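See below for the structure under consideration.
Note that the structure is a prediction, hence the values are computed from the model and not measured.
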Amino acid sequence: QVQLVESGGGLVQAGGSLRLSCTSSRRTFSSYAMGWFRQAPGKEREFVATINYSSSTTLYADSVKGRFTISRDNAKNTMYLQMNTLKPEDTAVYYCAAGRLTTMNRSAYNVWGQGTQVTVSP
């Protein structure tokens, strides 16, 4: 089973950028669809973006489309989320997840990282 560790979170001003990383130590990483989700205080965990095993398919939540870019490097067992033009409403804990399907459906992902905090100040 793949194990995931996120990094790259932090505090940034509105309009700024951050790049999150999600790394696995397992070689099976390349066979999984990967996703990013986020959870703000008092809210449910929501879909952000997903990418299939070969990077040929990506999906984004409407709220981040055009601002965020998901990518992966299977040789490095790492997935990325480039976040540009950040807004205060992007503030949340960001989680990466692995599953067999490239989907927005949270329940389809069965392995999760521990999360990394992203805070966007006005």
| field | Val64-Met34 co-clustered via ILVMFWY side chain contacts under 4.5 Å | value | yes

| query | Rounded to the nearest 0.5 Å, how far apart are CD1 of Ile70 and CE of Met83? | reply | 12.0 Å

| field | Separation of Ser71 OG from Gln82 CD (nearest 0.5 Å) | value | 8.5 Å

| query | Sub-3.5 Å donor-acceptor pair from the side chain of Thr91 to the main-chain atoms of Thr119, do we have one? | reply | no

| said: Quick check: Tyr109 with Phe37 (ring centres under 6.0 Å apart)? | reply: yes

| query | Are any side-chain N or O atoms of Glu6 and backbone N or O atoms of Gly115, one a donor and one an acceptor, separated by less than 3.5 Å? | reply | yes

| query | Is it true that Tyr80 and Val118 fall in one hydrophobic cluster, defined by side-chain heavy atoms closer than 4.5 Å? | reply | no

| message | What verdict does the side-chain hydrogen bond (donor to acceptor under 3.5 Å, both in side chains) test give for Ser107 and Asn105, after you've listed the backbone C-alpha separation in whole Å, the side-chain angles of each residue and the deciding distance to 0.1 Å? | response | CA-CA 6 Å; Ser107 63; Asn105 187 347; 2.8 Å; yes

| task | Consider only side-chain N and O atoms of Arg38 and Tyr94, and report whether a donor and an acceptor are under 3.5 Å apart. | result | yes

| query | Would you say the side-chain atoms of Thr103 pair up with the backbone N or O of Leu101, donor to acceptor, closer than 3.5 Å? | reply | no

| query | Between Asn52 (side chain) and Thr57 (backbone), is there a donor-acceptor pair under 3.5 Å? | reply | yes

| message | Hydrophobic clustering (ILVMFWY, side-chain heavy atoms < 4.5 Å, transitive) - are Ile51 and Phe29 grouped together? | response | yes

| said: Can you confirm whether the side chains of Tyr32 and Ser24 place a donor and an acceptor under 3.5 Å from each other? | reply: no

| Pair Ser21, Thr23: side-chain N/O donor-acceptor within cut-off below 3.5 Å | no

| query | Is a side-chain donor or acceptor of Arg19 paired with a backbone partner of Leu81 at a separation under 3.5 angstrom? | reply | no

| request: I would like to know whether Asp90 and Lys87 meet salt bridge (Lys or Arg N to Asp or Glu O under 4.0 Å); could you show each step before the answer? | output: CA-CA 5 Å; Asp90 294 319; Lys87 305 175 181 180; over 6 Å; no

| task | Could you give me the CA-CA distance, side-chain angles and deciding distance for Asn84 and Ser17, then say whether side-chain hydrogen bond (donor to acceptor under 3.5 Å, both in side chains) is met? | result | CA-CA 4 Å; Asn84 298 329; Ser17 298; 2.9 Å; yes

